[in-house]
Undergrad: 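Next up is a structure, given as structure tokens.
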Amino acid sequence: MTSLCNAKPFPEPFPVAGTLLHAGDAGDVTRLPPPVTPAVLEHLDGRVLGAYVVSTPDDAHSHLWEMHPAADEVLYLLAGELEVEHDDGQARGRTRLRAHEGLVMPRGVWHRLVVRQPGMLLALTTPRGTQLRPHAADAHAA
């Protein structure tokens, strides 16, 4: 018979927006306490799942290109509309992402998000090795 004193606590709800979950390679899932910095993310195994309110360019970090070398990134747009710019080194393109649509950004492809209509984005990625670079228009303005 299992003692109730040693049992794990029952799950508790948490706010989706702004919460990052880490799904480790061993199968455990934990909430990451804020603030979650790039240095924290760099040392994680497995995947990180987050939901983000995207209302402004800063929310979507439109001023930055990012690239994930370790794994593909899954983007689900729950509400709103985004434009996803991407560059694989040989070709550049733009993909319109509307509410209730998703896409898989292949590993190694530079991309940035531009808010067209405010909404909420769900992203699943492997953060290890993620690289960032400024968007050229913003670099010239600085």
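Below, each value reflects all heavy atoms present in this structure, side chains not excepted, and no hydrogens, waters or symmetry copies. Counting from 1, the numbers follow the sequence of the chain as shown.
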Undergrad: Please walk me through it: do Gln131 and His68 pass side chain to side chain donor-acceptor pair (under 3.5 Å)?
TA: CA-CA 7 Å; Gln131 298 175 29; His68 308 285; over 6 Å; no
Undergrad: If you take all heavy atoms of Met105 and Val84, which pair is closest and at what distance?
TA: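 Heavy atoms of Met105 and Val84 come nearest at CE-CG1, 3.6 Å.
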Undergrad: Determine whether Asp87 and Glu85 make a side-chain contact, defined as any pair of heavy atoms from C-beta on separated by less than 4.5 Å.
TA: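 The answer is no; the side chains never approach within 4.5 Å.
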Undergrad: Quick one, Leu82 with Val54, criterion side chain to side chain contact (heavy atoms under 4.5 Å, CB included). Give me CA distance, side-chain angles, the key distance, then yes/no.
TA: CA-CA 9 Å; Leu82 296 175; Val54 287; 4.1 Å; yes
Undergrad: Side-chain heavy atoms nearer than 4.5 Å, only ILVMFWY residues, links allowed to pass through others: does that put Leu122 and Val74 together?
TA: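 Yes, Leu122 and Val74 fall within the same hydrophobic cluster.
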Undergrad: Determine all donor-acceptor pairs shorter than 3.5 Å in which one atom belongs to a side chain in residues 44-51; sequence neighbours excluded.
TA:
from: Asp45; atom 1: OD1; to: His22; atom 2: NE2; distance (Å): 3.1
from: Asp45; atom 1: OD2; to: Asp25; atom 2: N; distance (Å): 3.4
from: Arg47; atom 1: NE; to: Thr126; atom 2: OG1; distance (Å): 3.2
from: Arg47; atom 1: NH1; to: Asp72; atom 2: O; distance (Å): 3.1

Undergrad: Just by modelled atom types, is the Ala70 backbone N or O under 3.5 Å from a matching donor or acceptor in the Arg107 side chain?
TA: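 Side chain of Arg107 to backbone of Ala70, a donor-acceptor pair under 3.5 Å: yes, one is there.
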Undergrad: If you measure from CG on Leu132 to NE2 on His135, what distance do you get to the nearest 0.5 Å?
TA: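 Reported value, rounded in 0.5 Å steps: 14.0 Å.
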Undergrad: With side chains defined as the heavy atoms from C-beta onward, is the minimum distance between Glu101 and Leu77 less than 4.5 Å?
TA: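 Glu101 vs Leu77: side chains apart.
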Undergrad: What closest approach, in Å, do Thr125 and Pro127 show between heavy atoms, and which atom pair accounts for it?
TA: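 Taking Thr125 first and Pro127 second, the nearest heavy atoms are O-CD, 3.5 Å.
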Undergrad: Between Arg112 and Leu64, is there a side-chain heavy-atom distance shorter than 4.5 Å?
TA: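 No, side chains not in contact.
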Undergrad: Less than 3.5 Å apart, any donor N or O on the side chain of Glu66 or His111 sitting next to an acceptor on the other?
TA: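 Yes.
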Undergrad: Identify the two heavy atoms, one from Val53 and one from Ala17, that lie closest to each other, and give their separation to 0.1 Å.
TA: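 Heavy-atom minimum between the residues: CG2-CB, 3.9 Å.
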Undergrad: For residues Val115 and Asp59, determine if any side-chain heavy atom of one lies less than 4.5 Å from a side-chain heavy atom of the other.
TA: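 Val115 vs Asp59: side chains apart.
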Undergrad: Identify whether Val29 and Phe14 are in the same connected component of the hydrophobic contact network (ILVMFWY, side-chain heavy atoms under 4.5 Å).
TA: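 Hydrophobic grouping puts Val29 with Phe14.
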Undergrad: Assigning hydrophobic clusters by single linkage (Ile, Leu, Val, Met, Phe, Trp, Tyr; side-chain heavy-atom cutoff under 4.5 Å), is Val109 placed with Leu75?
TA: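 The answer is yes; both residues are in one hydrophobic cluster.
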Undergrad: Check step by step if side chain to side chain contact (heavy atoms under 4.5 Å, CB included) holds for Glu83 and Leu113.
TA: CA-CA 6 Å; Glu83 185 170 279; Leu113 308 177; over 6 Å; no
Undergrad: Does any non-hydrogen side-chain atom of Tyr52 lie less than 4.5 Å from one of Leu20?
TA: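 They are in side-chain contact.
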Undergrad: Please check if the side chain of Asp58 supplies one atom and the backbone of His61 the other of a donor-acceptor pair under 3.5 Å.
TA: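 Judged by distance alone, no pair lies under 3.5 Å.
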Undergrad: Hey, mind stepping through Arg96 and Glu81 against side chain to side chain contact (heavy atoms under 4.5 Å, CB included) and telling me if it holds?
TA: CA-CA 7 Å; Arg96 188 70 65 155; Glu81 187 172 314; 2.9 Å; yes
Undergrad: Please set out all donor-acceptor pairs under 3.5 angstrom arising from side-chain atoms of residues 32-43, sequence neighbours excluded.
TA:
from: Thr37; atom 1: OG1; to: Val40; atom 2: N; distance (Å): 3.2
from: Glu42; atom 1: OE1; to: Gly129; atom 2: N; distance (Å): 2.9
from: Glu42; atom 1: OE2; to: Gly129; atom 2: N; distance (Å): 3.4
from: His43; atom 1: ND1; to: Ala39; atom 2: O; distance (Å): 2.8

Undergrad: Is it possible for you to say whether Leu121 and Leu124 belong to one hydrophobic cluster, with membership spreading through side-chain heavy-atom contacts below 4.5 Å?
TA: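 The answer is no; the residues belong to distinct hydrophobic clusters.
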Undergrad: Distance check, rounded to the nearest 0.5 Å: Ser55 atom OG versus Gln117 atom CD?
TA: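 Going from the OG atom of Ser55 to the CD atom of Gln117 covers 11.5 Å.
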Undergrad: Answer whether the closest heavy-atom distance between the side chains of Trp110 and His86 falls below 4.5 Å.
TA: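 When only atoms from C-beta onward are counted, His86 and Trp110 do not touch, as no gap falls below 4.5 Å.
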